[in-house]
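Counting starts at 1 for both ligands and their atoms, following the listed order. Here the structure is a predicted model, which is why all the values come from computation and not from measurement.
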Amino acid sequence: MELWQQMVRDSVHSVDQLVEKFGIDRTVAEGLDEFFQARINPYYLGLIRFPGDPIWRQCVPDKAELDDLDGFEDPLQEDRMSPVPNITHRYPDRALFLTTSQCGMYCRFCTRKRKVGNSDKISMKELESAFKYLEKHTEIRDVIMSGGDPLMLTDVMLEKILKRLRQIPHIEIIRIGSKMPCVLPQRITPKLVDMIKKYHPVYVNTHFNHPWEITPESTKACEMLANAGIPVSNQAVLMKGVNDDAEVMRELFTKLLKIRVRPYYLYMADETRGANHFRTSLDTGLEIIQKLRGYTSGLAIPHFVIDAPGGGGKIPILPQYVLHRDEDRVVMKNYKGEIFVYREAHNSQPAPEVNIPIEVIEKNNGNGSNGNGANGNGSNGNGSSKKPKNYKEKIEVTEIAQSSN
Ligand code: SF4
């Protein structure tokens with residue numbers, strides 16, 4: 001047995017352990033065990049610094065999970081979009097391929113609780129119909145292996161799947177969605193990366209949510225993947241009491257870059273049953289992105305998205321930087337709240353020389369804008385007095401909100 005397998009075996013998982021280690025009332029612990037069993041391996045358990053800290057909140061069952069009756073069992077409607085067992089086909093050219101129900105740790109906020117835990121939740125016997133589907137659908141060029149966590153499979157089993165996928169000519173890219181680099185980095189072994197790199201291009205999407213998860217062990221794991229030519233990106237979830245703070249996020253994203261992991265997505269927490277206590281307001285997320293954009297490298301800033309309930313897919317959410325747009329101009333504010341004008345291109349004619357004296361009146365001017373034009377004198381400084389169509393002396397912010405994209 002490999003070290004990581006032993007560590008999975010040594011995880012905290014029973015009702016007795018929940019009562020003993022975390023002081024959870026026995027009846028509550030039994031209810032939580034029935035709702036979604038615990039699995040906290042010794043490595044991740046060792047990252048807890050004090051009760052209720054951001055690591056604790058992600059892995060230790062909480063009574064609040066049993067009080068949440070509003071959430072959905074399958075908030076992203078993955079099952080509705082599953083043409084055959086183990087496949088979700090939502091986007092035109094890519095498919096999600098569920099390969100195991102097991103994970104190195106069971107995250108309390110998991111969106112896929114209905115699929116994770118008991119081995120019968122995702123059947124390995126039904127992989128054949130999934131392969132057949134992938135073979136038949138030539139529009140699929142990108143397969144995302146997920147679960148559960150595909151790196152819970154043995155090297156032998158994982159290689160069988162990778163080999164089979166590589167025999168399908170239209171599948172160009174294989175992605176492995178795995179939280180192992182974060183929650184059980186001992187899983188990333190030289191043998192594993194040597195095997196994976198035979199099936200390039202293979203990408204890994206991992207899932208760090210807090211800077212304390214970046215340790216010498218997880219650093220080594222991510223570097224081993226990167227050294228094997230496997231690009232690693234990160235999908236984080238915004239969660240109350242875990243990372244709902246711009247400074248924590250800045251530290252997380254900049255540290256990820258240092259271990260060669262690209263911050264890729266930041267998700268609003270899904271409306272998953274039992275996870276309501278993790279949810280924040282959308283404004284919290286927007287404020288975090290606004291506090292990062294411009295203040296740190298764009299490489300460190302992920303796409304902020306809501307995975308739309310009902311299976312709508314990922315929808316990007318941006319703070320409002322475009323204040324006004326018409327056929328001639330785009331009026332924008334930068335990260336400091338200063339106003340700038342970009343002239344739209346006009347086909348087959350040189351860009352008109354225009355002088356656009358913009359005066360933006362911000363109703364709620366709490367972002368540092370001086371309420372004047374780009375250079376502070378109400379003009380874009382390019383000379384002519386020719387005014388664009390729809391020109392207005394003053395743009396009210398309420399009007400901008402209605403007219404801009
Ligand atoms: S590793 Fe992923 S699938 Fe497994 S419990 Fe955590 S979030 Fe859910």
Side-chain angles (χ1 to χ4, degrees), residues 4-5 7-8 11-13 32-41 43-45 47-48 54-62 65 68 71-76 78-79 82 86-88 96-124 144-153 158 175-188 204-210 213 218 221-222 232-239 242-243 261 264-279 305 307 314:
W4 67 272
Q5 290 168 316
M7 292 173 85
V8 171
S11 294
V12 171
H13 67 280
L32 287 164
D33 180 58
E34 197 168 320
F35 174 61
F36 182 46
Q37 72 180 100
R39 175 176 281 171
I40 314 170
N41 69 61
Y43 167 78
Y44 202 78
L45 186 67
L47 300 186
I48 293 177
I55 303 295
W56 171 297
R57 285 178 66 80
Q58 292 185 73
C59 63
V60 178
D62 190 313
E65 295 173 37
D68 170 21
F72 303 110
E73 204 175 316
D74 179 11
L76 309 180
E78 290 178 330
D79 295 347
S82 176
N86 299 34
I87 293 282
T88 293
L96 185 69
F97 183 16
L98 304 183
T99 51
T100 172
S101 63
Q102 299 298 297
C103 302
M105 179 187 94
Y106 294 143
C107 314
R108 303 318 298 176
F109 52 86
C110 180
T111 292
R112 232 174 258 152
K113 291 186 181 96
R114 70 192 190 284
K115 293 280 188 192
V116 167
N118 303 341
S119 50
D120 58 356
K121 288 188 178 177
I122 295 178
S123 169
M124 298 293 286
I144 299 129
M145 290 174 60
S146 187
D149 195 316
L151 295 190
M152 281 295 285
L153 299 170
L158 186 63
R175 285 191 271 175
I176 298 175
S178 173
K179 212 163 159 31
M180 290 298 221
C182 169
V183 298
L184 188 53
Q186 292 77 1
R187 171 64 183 110
I188 313 303
V204 165
N205 281 343
T206 191
H207 184 171
F208 287 79
N209 286 321
H210 193 276
E213 294 169 334
S218 60
C222 293
V232 187
S233 51
N234 190 66
Q235 312 194 149
V237 181
L238 176 62
M239 285 182 284
V242 175
N243 55 16
V261 176
Y264 179 34
Y265 282 122
L266 171 63
Y267 290 93
M268 280 296 286
D270 292 328
E271 296 180 49
T272 309
R273 185 167 299 156
N276 198 38
H277 57 296
F278 284 114
R279 293 178 64 208
V305 296
D307 217 340
K314 297 176 194 71

Check whether D270 reaches the backbone of T272 with its side chain - one donor and one acceptor, N or O, closer than 3.5 Å.
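Checked: no pair found.
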R108 side-chain N/O to W56 backbone N/O, donor-acceptor pair under 3.5 Å
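Looks like no, no N/O pair under 3.5 Å.
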Donor-acceptor pair between [X] and [Y] side chains, under 3.5 angstrom:
X	Y	answer
N209	H207	yes
N234	T206	no
D149	S178	yes

Taking only residues two or more places apart in sequence, or in another chain, which ones meet D79 in a salt bridge (Lys or Arg N to Asp or Glu O under 4.0 Å)?
R114, K115
Going by chain and residue number, what protein N/O/S atoms come nearer than 2.8 Å to atom 4 (Fe) of ligand 1?
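Correct list: C103 SG.
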